[in-house]
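Following: one structure in structure tokens, then a few remarks.
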Amino acid sequence: QVQLVESGPGLVKPSQTLSLTCAVSGTSITTPHYYWGWIRRPPGKDLEWIAAISYNSSPYYSPSLGSRTTISRDTSKNQFYLQLTHVTPEDTATYYCARVAGGSVSWTPARIRDYDYWGQGTQVTVSS
């Protein structure tokens with residue numbers, strides 16, 4: 001069974017860098033043709049797609065967050081990561097990692113409803 005577990009700092013100060021880890025079990029993050037993504041839900045708002053990384057390590061970023069975001073992975077640990085720089089209180093959210101199956105040429109990993117396996121989420125608060 002595919003399982004994803006997020007971990008992170010819980011509390012981050014403004015202007016700092018947020019670093020999150022997603023540990024995957026039950027499958028390999030290199031399995032073709034799956035993609036591994038980060039999605040967040042700010043308080044009282046809708047889910048927002050942040051980034052994804054493919055089975056062969058290609059990154060994809062949300063245009064609204066892309067300049068502050070880095071997604072990476074460690075295949076030896078079967079984990080993938082998110083870094084978000086220069087955080088502000090607007091980055092306060094529950095952060096989820098999730099898996100999605102790749103599609104045709106016109107497919108995008110930004111379509112949240114396509115994600116099939118999700119972690120339980122980790123709460124991140126940005127506050128001084």
Side-chain angles (χ1 to χ4, degrees):
Q1 183 177 354
V2 178
Q3 291 187 319
L4 298 91
V5 178
E6 306 92 343
S7 59
L11 179 65
V12 185
K13 288 182 167 50
S15 81
Q16 290 187 339
T17 295
L18 168 64
S19 296
L20 297 174
T21 297
C22 182
V24 178
S25 60
T27 188
S28 170
I29 61 173
T30 62
T31 300
H33 298 268
Y34 288 99
Y35 294 65
W36 304 88
W38 287 98
I39 297 157
R40 70 182 183 182
R41 186 191 292 275
K45 297 184 179 180
D46 292 334
L47 290 168
E48 178 184 20
W49 179 76
I50 303 170
I53 190 165
S54 72
Y55 61 97
N56 58 358
S57 205
S58 295
Y60 300 81
Y61 295 107
S62 165
S64 62
L65 294 169
S67 63
R68 298 196 291 130
T69 309
T70 302
I71 191 168
S72 60
R73 69 179 190 173
D74 185 334
T75 57
S76 68
K77 295 181 179 179
N78 212 37
Q79 295 177 347
F80 64 103
Y81 312 99
L82 178 72
Q83 283 196 322
L84 184 64
T85 62
H86 303 102
V87 297
T88 73
E90 290 188 348
D91 294 309
T92 294
T94 300
Y95 285 75
Y96 300 91
C97 59
R99 185 192 80 165
V100 64
S104 63
V105 173
S106 60
W107 173 85
T108 168
R111 201 159 64 182
I112 294 173
R113 65 176 182 268
D114 289 346
Y115 283 78
D116 57 359
Y117 285 96
W118 293 69
Q120 81 285 357
T122 186
Q123 174 66 39
V124 174
T125 300
V126 180
S127 175
S128 56

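If you read the sequence from its start, that first residue is 1, and numbering goes on from there.
Under the 6.0 Å distance and 45° angle rule, R99 counts as a cation-pi partner of Y34.
Taken from NE2 in H33 to OG1 in T31, the straight-line distance is 10.5 Å, to the nearest 0.5 Å. Taken to the nearest 0.5 Å, the SG atom of C97 stands 13.0 Å off from the CD1 atom of I53. The distance from atom CG of D46 to atom CD1 of I112, rounded to the nearest 0.5 Å, is 8.5 Å. Distance check, rounded to the nearest 0.5 Å: CZ of R68 to OG1 of T85 gives 6.0 Å. Between atom NE2 of residue H86 and atom OG of residue S67 there is a gap of 9.5 Å, rounded to the nearest 0.5 Å. A distance of 7.5 Å separates NZ in K13 from OG in S128, rounded to the nearest 0.5 Å.
Closest approach of R73 to N56, counting heavy atoms only: NH2-C, 3.9 Å. Shortest non-hydrogen contact noted between Y61 and A51 is CD2-CB, 3.7 Å. Closest approach of A52 and Y115 over heavy atoms only: CB-OH, 3.9 Å. Residues S64 and E48 come closest through the heavy atom pair OG-OE2, 3.8 Å. The two residues L20 and G8 make their nearest non-hydrogen contact at CD2-CA, 3.6 Å. Heavy atoms only, all atoms of each residue included: Y96 and G121 are closest at CD2-CA, 3.5 Å.
W38 has its side chain within reach of I71: a pair of non-hydrogen atoms, C-beta onward, lies under 4.5 Å apart. The shortest distance between side-chain heavy atoms of T94 and T122 does not fall below 4.5 Å. In this structure, V124 and L18 have side chains that are in contact, with non-hydrogen atoms separated by less than 4.5 Å. For the pair C22 and Y81, the minimum side-chain heavy-atom distance is 4.5 Å or more.
Ring-centre distance between Y35 and Y60: below the 6.0 Å cut-off.
In this structure, a donor-acceptor pair under 3.5 Å is absent between the side chains of T125 and S127. For the 3.5 Å distance criterion, the side chains of W36 and Y55 fail to qualify, holding no donor opposite an acceptor.
Cluster membership check: L82 does not share its hydrophobic cluster with W118, using side-chain heavy-atom separations under 4.5 Å among Ile, Leu, Val, Met, Phe, Trp and Tyr. I39 is not connected to V24 by any chain of hydrophobic side-chain contacts under 4.5 Å among Ile, Leu, Val, Met, Phe, Trp and Tyr, and they are in different clusters.
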Criterion side chain to side chain contact (heavy atoms under 4.5 Å, CB included) on S28 and N78, from CA distance to verdict: CA-CA 6 Å; S28 170; N78 212 37; 4.0 Å; yes
Pair Q83-T17, side-chain hydrogen bond (donor to acceptor under 3.5 Å, both in side chains): steps then yes or no: CA-CA 7 Å; Q83 283 196 322; T17 295; over 6 Å; no
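Of the possible polar contacts, none joining the W49 side chain to the S62 backbone as a donor-acceptor pair under 3.5 Å is found. The main-chain N or O of V100 is never found under 3.5 Å from a side-chain atom of D114 such that the two would form a donor-acceptor pair. A donor-acceptor distance shorter than 3.5 angstrom exists from the side chain of T69 to the backbone of L65, with no hydrogens or angles considered. The main-chain N or O of A93 is never found under 3.5 Å from a side-chain atom of R41 such that the two would form a donor-acceptor pair.
The one candidate from D91, V126, T88 that meets the side-chain contact (heavy atoms from CB on, under 4.5 Å) condition with P14 is V126. Y95 pairs with exactly one of Q123, E6, R40 by the side chain to side chain donor-acceptor pair (under 3.5 Å) rule, that one being R40.
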